[in-house]
S.K.: 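The structure under discussion is supplied below as structure tokens; questions concerning it will follow.
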Number of protein chains: 2
Amino acid sequence: MNESKIIDVAKRAGVSAATVSRVLNQSGLVKEKTKKRVQQAIEEMNYTPNAMAQNLRSRKTMKIGVVVSDIEVSYYAEIIKGIENMANSLDYNIIICDAQNLKTREYDYVSLLQNRTVDGMIFVTPLMNNKELIALVEDGYSIAVIGRFIEHEQIPCAFTDNVKIGKDVVDHLIEQGHEKIAFLSGYADAIDSYERLEGYMKALKEAGMPFIPELIDNGDFNESGGYEGFLRLRERNADLTAVFAANDEMALGVYKACKELLIQVPEQVAVVGVDNIRITRFITPNLSTVEQPKYAMGALLTEKLIDQMNGNEFQDKRYFKVESKLLVRESSLFAKHRSAEEQLGPG
Amino acid sequence: MNESKIIDVAKRAGVSAATVSRVLNQSGLVKEKTKKRVQQAIEEMNYTPNAMAQNLRSRKTMKIGVVVSDIEVSYYAEIIKGIENMANSLDYNIIICDAQNLKTREYDYVSLLQNRTVDGMIFVTPLMNNKELIALVEDGYSIAVIGRFIEHEQIPCAFTDNVKIGKDVVDHLIEQGHEKIAFLSGYADAIDSYERLEGYMKALKEAGMPFIPELIDNGDFNESGGYEGFLRLRERNADLTAVFAANDEMALGVYKACKELLIQVPEQVAVVGVDNIRITRFITPNLSTVEQPKYAMGALLTEKLIDQMNGNEFQDKRYFKVESKLLVRESSLFAKHRSAEEQLGPG
DNA sequence: GTCCTAAATGAAATCGATATCATTTTTAGT
DNA sequence: ACTAAAAATGATATCGATTTCATTTAGGAC
């Protein structure tokens, strides 16, 4: 155990604590000979500075909280990887806050900001709304948001062009000859859902196809929501031939419902999701989906947040619209052609 | 922002900092009237105690580090959920340390123990070996280990009976009529692998079947390791009809290899994994696997670790052999009978 | 050797909360 | 009303590292 403190090291080296600190932090001037002595004492005592004391003194914890709505969803896992790697490389650690799909838990975690356990927080969740997030910065805390655009000068955010995602998916489905295309939104009030719906409508309009409200329903971004949502959609529209789910988790729910109803995917109903979670490449038929640069968003926003925390102005800009890419796989192709890209699993 | 400190609250309430502290912690006696005044001041100033100062003073951080070898693997995600829920309920937060399959990163994270950023650490990884873990406790740190047995009085650990897992799986495969059953181990030196191999051999012996060394190979617990391992096995044993992979990730790699080699699962080669990760229920054919009480292990060990950190003796015992359960699904059943349990995805 | 400046070092305050110990106030008993 | 005991409160040291400011030492010029 590292029980020795700076003063112990100082005594052993025959200097004051201040000098040891100078050696540790390479601040101030220290004679080469003294430095050697101190370094040797540190070595011999196996001394490591106490981070809590440093935190208190510096008023920094070098920790970032990361709030995700469900850590089990691999979509988040990859973002987290991006966050953690960037954070670590800038000497920060991350505290993962798994809200387990409960908004109340997200509120609980905000206390980590308030009691200064973390220097800043990254929100990767559809639960907490914009107003609540803005209230946090107005209160003086540093935060960043991944997955949506948020209108506030001090909040760095990264998000994809959701309208484009909706448009791309529906364009593709129309091209495949579908005429009754359902849209399964996430939370009705989630911006992602709303914008993807916008893209959906835009695609229909450009194709000169009618917008049928009955073809719209919403889930909760989870598998069960997708399952139930599809059952409702199907009940109202026995003739639907394609479903655009606002994320892959819900698409999995659609698969489950189809299996139960003995509906063939994609022969009878085509399915497209969003996020490109890992399962999509393993499930049969492979799920068509939309890839977003998850890792990159995580890394980028972490950098921005740390910039922000250190009081630096945003050098270029504070928000980032990232590129998304439609991945056409088996679930939306009647003829089962496959390119290498769409084979089972990566190497 | 919460900029006010205890002394500011004290001034506003017309008392000393000590009294405010007493109100906050319900320690010591405070007159009801004073208490009200202090509480009002706290309310008005929106005061929250600074956790860093509390940490320094109490020599506790109320944080637990959780080292996992790869956060993206859902096997770990569920354990983490168990850990986090138990930790939160005991007022601890967790710092997730994703080693990203690099042993060096695990070493890096040990510094969080040394610099007292965390009070204790839970290791859920096959990378760090027993000797290294024991060295940590010998150094005075509190740790717990999930996924293996470790012989040290002060290390709580949870693990499954790996011999039984191996036995159960191979018994099942033998019962299905297989005679050339390959075993794809994880890291050759990982205890899990070794014990599962033991179970494998035990099953063969009891069935009066020969042990053929060529049928053993090892991967790295990852998909790619499973893929490559199977290719080697197959090369040596063109007649193998079943593969027991030491975990599901590797089984996924076996699937990939089979797909490429146009080998039918389970008709030509049966596959069984271990862990029951989420994908197993979505992939076709559903993967037979072994369920372990992941969430429960996480929660239990967290409780034990916190006990240990607080200097309490282990009330019952320090190590826990948990029950595992073989889940027979499509990948190891030639005739595709299915029970409800084995259908696609849970509700 | 003396003096002056620059380099090297140390003493002490600080970060913010808490616990100990001392002091003041209240209560109860006579 | 007086005293003893109990209750309430405050002053202060502490946790461990850092930083400012003061002081000492070293180095160079003369």
Side-chain angles (χ1 to χ4, degrees), chain A residues 1-39 41-42 45-63 91 111-119, chain B residues 1-39 41-42 45-63 91 111-119:
Chain A
M1 176 93 77
N2 157 25
E3 306 250 72
S4 53
K5 358 187 194 178
I6 197 168
I7 188 69
D8 302 320
V9 176
K11 277 177 192 155
R12 187 182 193 107
V15 298
S16 73
T19 298
V20 177
S21 174
R22 277 187 279 256
V23 172
L24 282 169
N25 302 291
Q26 292 157 17
S27 61
L29 300 166
V30 182
K31 209 197 280 179
E32 195 57 30
K33 205 172 136 198
T34 319
K35 194 169 166 184
K36 283 262 165 60
R37 269 211 326 280
V38 170
Q39 282 169 334
I42 290 174
M45 306 183 77
N46 193 24
Y47 167 78
T48 315
N50 181 310
M52 294 179 285
Q54 289 180 318
N55 291 344
L56 177 57
R57 176 67 222 222
S58 66
R59 294 154 155 279
K60 282 190 179 181
T61 65
M62 304 307 280
K63 277 183 257 312
D91 288 324
S111 67
L112 294 181
L113 270 176
Q114 292 164 342
N115 72 20
R116 318 255 61 143
T117 289
V118 298
D119 295 337
Chain B
M1 175 91 78
N2 157 26
E3 306 252 69
S4 52
K5 357 186 198 179
I6 197 168
I7 188 70
D8 302 321
V9 175
K11 277 177 190 155
R12 186 180 193 112
V15 297
S16 73
T19 299
V20 177
S21 174
R22 276 187 279 257
V23 172
L24 283 169
N25 302 291
Q26 292 157 17
S27 61
L29 299 166
V30 182
K31 209 197 280 177
E32 195 57 31
K33 205 171 137 196
T34 318
K35 194 169 166 183
K36 283 262 164 60
R37 270 212 324 281
V38 171
Q39 283 170 333
I42 289 174
M45 305 182 78
N46 192 25
Y47 168 78
T48 315
N50 182 310
M52 294 179 285
Q54 289 179 317
N55 292 343
L56 176 58
R57 177 66 224 223
S58 66
R59 294 152 154 280
K60 283 189 179 181
T61 64
M62 304 307 280
K63 277 182 256 312
D91 288 324
S111 67
L112 295 181
L113 271 176
Q114 292 163 341
N115 71 21
R116 319 255 58 144
T117 289
V118 297
D119 296 337

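Here the structure is a predicted model, which is why all the values come from computation and not from measurement.
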S.K.: Nearest whole Å is fine: how far is D:dT9 P from B:L29 CG?
M.R.: 9 Å
S.K.: How close or far is atom C1' of C:dT18 from atom CG of B:N25, stated in whole angstroms?
M.R.: 8 Å
S.K.: Roughly how many Å is it from CG in B:N115 to P in D:dG16, rounded to a whole number?
M.R.: 14 Å
S.K.: To the closest 0.5 Å, what do you measure between CD (B:Q54) and CE (A:M52)?
M.R.: 12.0 Å
S.K.: Could you state the CD1-P distance from B:I6 to C:dA19, rounded to the nearest angstrom?
M.R.: 10 Å
S.K.: Going by number, which of residues 14-23 of chain B have a non-hydrogen atom under 4.0 Å from DNA chain D?
M.R.: B:G14, B:V15, B:S16, B:A18, B:T19, B:R22
S.K.: Which angle, rounded to 10°, do you find between the first-five-pair axis and the last-five-pair axis of the helix from C:dG1-D:dC30 to C:dT30-D:dA1?
M.R.: 40°
S.K.: Rounded to the nearest 0.5 Å, how far apart are CG of A:N55 and CZ of A:R116?
M.R.: 12.0 Å
S.K.: For a quick check of understanding: with a heavy-atom distance under 4.0 Å over all strands, which category does A:T34 fall into, base, sugar-phosphate or nothing?
M.R.: sugar-phosphate
S.K.: Starting from the C-alpha separation in whole Å, work towards a yes-or-no answer on side-chain contact (heavy atoms from CB on, under 4.5 Å) for A:T117 and A:T61.
M.R.: CA-CA 7 Å; A:T117 289; A:T61 65; 5.8 Å; no
S.K.: Quick one: pull up CD1 in A:I6 and OG in A:S16 and give me the separation to the nearest 0.5 Å.
M.R.: 8.5 Å
S.K.: Quickly work out the A:K31 NZ to C:dA6 P distance and round it to whole Å.
M.R.: 18 Å
S.K.: If each of B:A53 and B:S27 is mapped to the nucleotide of DNA chain C with the nearest heavy atom, which maps nearer the 5' terminus, i.e. the 5' end?
M.R.: B:A53
S.K.: Is any side-chain heavy atom of A:N50 closer than 4.5 Å to a side-chain heavy atom of B:N115?
M.R.: no
S.K.: Distance check: side-chain N/O of B:R116 vs OP1/OP2 of D:dG16, anything under 4.0 Å?
M.R.: no
S.K.: Indicate the atoms forming the closest heavy-atom contact of A:G14 with A:R37, along with that distance.
M.R.: O-NH2, 4.0 Å
S.K.: For A:Q54 and D:dG16, what is the distance between atoms CD and P respectively, to the nearest whole Å?
M.R.: 13 Å
S.K.: Out of A:L29, A:V15, A:V30, which one pairs with A:R22 under the side-chain contact (heavy atoms from CB on, under 4.5 Å) rule?
M.R.: A:V30
S.K.: Report the C-alpha separation of B:L24 and B:Y47 in whole Å, then their side-chain angles, then the decisive distance to 0.1 Å, and conclude whether the side-chain contact (heavy atoms from CB on, under 4.5 Å) test is met.
M.R.: CA-CA 11 Å; B:L24 283 169; B:Y47 168 78; 3.7 Å; yes
S.K.: Quickly work out the B:E32 CD to C:dT26 P distance and round it to whole Å.
M.R.: 16 Å
S.K.: Please round to the nearest 0.5 Å and tell me the distance separating atom CE of B:M62 and atom CG of B:D119.
M.R.: 7.0 Å
S.K.: Report which part of the nucleic acid A:R57 touches: base, sugar-phosphate, or nothing (heavy-atom distance under 4.0 Å, all strands).
M.R.: base
S.K.: Can you check the A:M52 CE to C:dC15 P distance for me, whole Å?
M.R.: 19 Å
